[in-house]
Asker: 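Attaching a single structure in structure tokens format; questions to follow.
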Amino acid sequence: MPRPPIPLLERLAGLARVAVFAAAAIGAAAVVAEEPEDAALQREMARLFALRTVDPPAFVAQMRTLESQAAPTALDQQEYLRFLTANRLILEGRAEDAIATALPLAESAASPGLRLRAGAFVVNVHGVARDAEAGLRRLTALLEAHPEARPGLEAEQRALWGTAATFHFELGQYGLSLAFAERVLGANPAPRDACFASAYRVMARQALRDPALDAAQFAAVDAQCSAVREYVPAALASLAHVRHLRAQGRLDEAMALLMDRLGAIDSTRVPRLLAEAYALDAELLQAARRPADARRQAQHAVALSAQAPTSLPAAMAEKVLYEIARSEGDAAAALHHLQRHLAASQALAEEDRLKARAVAAVRSEIQQRRQSLALLHERHRALALEADAARARSMSMALAAGSLALCALLLAGWGWRLMRAERRFRDRLQRDALTGFANRAHFARTAEDALARAERRGEPVALCTFDLDHFKRINDRHGHLAGDAVLRAVGIAVAAVPVPAGMQRRLGRIGGEEFALLLWPATAPQAQAHAEACRAAVAGAGATSGAGAALAVTASFGLTGSWHAGYRLDDLLAASDRSLYRAKSEGRDRVGPPLPGPAREAA
């Protein structure tokens, strides 16, 4: 029968054990680096710090008792008490409050060690809250600010590397995870730190399919973690060992190992670990042609998946249940489990997309920052050269003053020209040269941002796509220069159509003679009226070929909106294209009827 639900506090504590590496790795010893004013209070806070991963409910209760007492007078104890409060808040499921409490400490705590500890804690809370982009952005900033350990901050530095190993593993960046785990192990870690780092090292190597990985290395991790009573990293490494054996085709050994470790994994009470373990066991039993046992384990996994922060176990388990039902000829059950498997797989793909988007966004920011620093360096170098030249030409105080004034004017003019050149370059990257509309990539970025804001505000959004009718004939009969003239005329005509009061519009050229228009907030009648106005503007746009021939053009428009296709740009474009094809099939030079997207039709 399915396991009973895991209490919220234990679920959150389990998430913290999986995602939070840094805070626990520092240990209470770092707290008492200086002689405090109240040694008894300091010892109590150090005891609570160690208690929070061993017995989270007791930590929460005793923290509330401590917080109800008189506030400490020493600044370092006041700040450390706030750090412990942030730990209590995350164990209570209040991620936003935990970040709000820890963030000021990360930015301005009196102790450098506490600043680094709090910064790593904020990264971990972002990981627990599944906010990969915010967590990766802060982690990158911390690693850039602390590339190597400083005297007195060795424990905090190891914790930061441990946080990086954990966070990058969750993002699927196994090479980086392995590199940071190796840095921890190479920095003389305490036994507990070595347990976590060793676990993530073998997990990353398994994910990277390292052929040199063997059973002895997994056994060493299990022994390390068991010695310090850290069963969660031991369980993580055990699951990696099972996957390693399965990848080598050693299914009997993988099944025996999982059966041996399932009790220890079960005792962790971490929903994600339990769900993945049961789902993995179900897959192995299915491969061993034991459908009854496989069904039982898959059902356990499905029940636990509701409490897990990822859709992976559900996708695995539902696939096993689908294959069993299909083999038994139970079409209704097979269809049910197939639908659930596809839903879980789609959710898992969305998780991966958000992680990839976070990595890409932060990498882009890093690249832009490096380019800005390089440009600033070049500017400084140019200024230094100008100053040297000015000093070399100085013959007197008057000449020096004149030279400096001239240099200032030259530098100002140079800076102004450079900024203009930068603006022109950026504009060329984002805009189509013929029509003045956004190019496809820039339109997609700005449209996705506008759609996200509109969805949050509950505002309706309309999307039109339009295609110039028989545009190829113009190019074939009059040449590509005539076609360019028509595109310029169309761009001027559509841009001149007034945007209704209270609305915003984005225009984009998304293909050779294909265009898109996003309008918000706009109801269906308002969007229809605006599309008709744009269609009339295109029909009235005139251009002339090089031989003096008048060139007339019309356009067919497709129309849809969030009321039909939701707020995803791809769905809106697909629905609008269907409407556009209807307009062309009905004679062109018209606005097609709004049609729902495929997702809405399926619903």
Side-chain angles (χ1 to χ4, degrees), residues 15 17-21 124 127 130 132 135-136 139 161-186 194-222 224-225 230 232-251 253-254 257-258 261 265 268 270 272-281 283-284 287 301 308-316 319 344-345 348-360 362-363:
L15 285 174
R17 289 192 187 102
V18 174
V20 178
F21 184 114
N124 289 318
R130 317 304 292 175
L136 184 57
L139 175 61
W161 292 337
T163 295
T166 306
F167 207 90
H168 283 298
F169 187 88
E170 291 300 315
L171 290 178
Q173 296 184 295
Y174 305 120
L176 286 173
S177 177
L178 176 60
F180 281 110
E182 294 282 10
R183 294 190 78 174
V184 175
L185 293 170
C195 156
F196 276 93
S198 297
Y200 275 93
R201 178 171 63 179
V202 296
M203 289 160 60
R205 291 178 62 189
Q206 185 274 321
L208 292 168
R209 303 296 179 91
D210 185 349
L213 194 58
D214 57 32
Q217 295 169 58
F218 285 106
V221 174
D222 187 64
Q224 269 185 312
C225 293
E230 284 293 349
V232 171
L236 287 168
S238 294
L239 289 180
H241 192 184
V242 173
R243 294 189 187 94
H244 176 69
L245 292 171
R246 183 176 66 172
Q248 293 182 329
R250 298 155 64 183
L251 298 183
E253 294 177 59
L257 174 63
L258 187 53
R261 299 298 169 85
I265 295 172
T268 66
V270 178
R272 174 180 175 176
L273 275 175
L274 295 174
E276 289 190 19
Y278 280 108
L280 187 56
D281 198 24
E283 289 184 338
L284 292 170
T310 175
S311 302
L312 176 62
M316 296 165 61
K319 183 179 180 182
S345 297
L348 185 62
E350 179 65 11
E351 292 173 20
D352 292 339
R353 189 188 71 82
L354 291 175
K355 291 176 183 178
R357 181 176 178 178
V359 172
V362 175
R363 281 180 177 171

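Quantities reported herein were computed from a predicted structural model and do not represent experimental measurements. Atoms considered below: every heavy atom in the structure, side chains included; atoms not considered: hydrogens, waters and symmetry mates.
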Asker: How far does OG1 of Thr163 sit from CZ of Phe196, to the nearest 0.5 angstrom?
Answerer: 10.5 Å
Asker: With rounding to the nearest 0.5 angstrom, report the CD to OG distance, Gln224 to Ser198.
Answerer: 3.5 Å
Asker: Short question: side chain of Ser177, backbone of Gln173 - any donor-acceptor pair under 3.5 Å?
Answerer: no
Asker: Looking at Ala212 and Gln217, what are the two nearest heavy atoms and their distance?
Answerer: O-NE2, 3.1 Å
Asker: Applying side chain to side chain contact (heavy atoms under 4.5 Å, CB included) to Glu253 and Gln248, what does each step give before you reach the verdict?
Answerer: CA-CA 10 Å; Glu253 294 177 59; Gln248 293 182 329; over 6 Å; no
Asker: When rounded to the nearest 0.5 angstrom, what distance separates OG in Ser345 from CE in Met316?
Answerer: 11.0 Å
Asker: Nearest 0.5 Å please: distance from the OG1 atom of Thr166 over to the OH atom of Tyr200.
Answerer: 4.0 Å
Asker: If I compare all heavy atoms of Ala181 with all of Ala165, which pair ends up nearest, and what's the gap?
Answerer: N-CB, 3.8 Å
Asker: Work out which heavy atom in Leu348 is nearest to a heavy atom in Ser311; give both atom names and the distance.
Answerer: N-CB, 3.9 Å
Asker: Rounded to the nearest 0.5 Å, how far apart are CG of Leu257 and CZ of Arg246?
Answerer: 12.5 Å
Asker: Examine distances only and state if a side-chain atom of Gln206 and a backbone atom of Leu239 form a donor-acceptor pair shorter than 3.5 Å.
Answerer: no
Asker: Is Glu276 paired with Arg243 through a side-chain N to carboxylate O contact shorter than 4.0 Å?
Answerer: yes
Asker: Leu178 and Arg205: which non-hydrogen atoms are nearest, and at how many Å?
Answerer: CD1-CG, 3.8 Å
Asker: Test side chain to side chain contact (heavy atoms under 4.5 Å, CB included) on His168 and Leu139 and set out the steps.
Answerer: CA-CA 10 Å; His168 283 298; Leu139 175 61; 4.1 Å; yes
Asker: Between Arg261 and Asp222, is any pair of side-chain heavy atoms under 4.5 Å apart?
Answerer: yes
Asker: What's the shortest heavy-atom distance between Ala287 and Leu251, and which atoms?
Answerer: CB-CD1, 4.0 Å
Asker: Which distance, rounded to the nearest 0.5 Å, do you find between the CG of Leu258 and the CD1 of Ile265?
Answerer: 5.5 Å
Asker: Can you classify the ring geometry of Phe218 versus His241 as parallel (below 30°), tilted (30 to 60°) or perpendicular (above 60°)?
Answerer: parallel
Asker: Grab the two heavy atoms, one from Ala240 and one from Met203, that are nearest each other, plus how far apart they are.
Answerer: CB-CG, 4.0 Å
Asker: Does any N or O in the side chain of Asp281 come within less than 3.5 Å of the main-chain N or O of Leu284, such that one atom is a donor and the other an acceptor?
Answerer: no
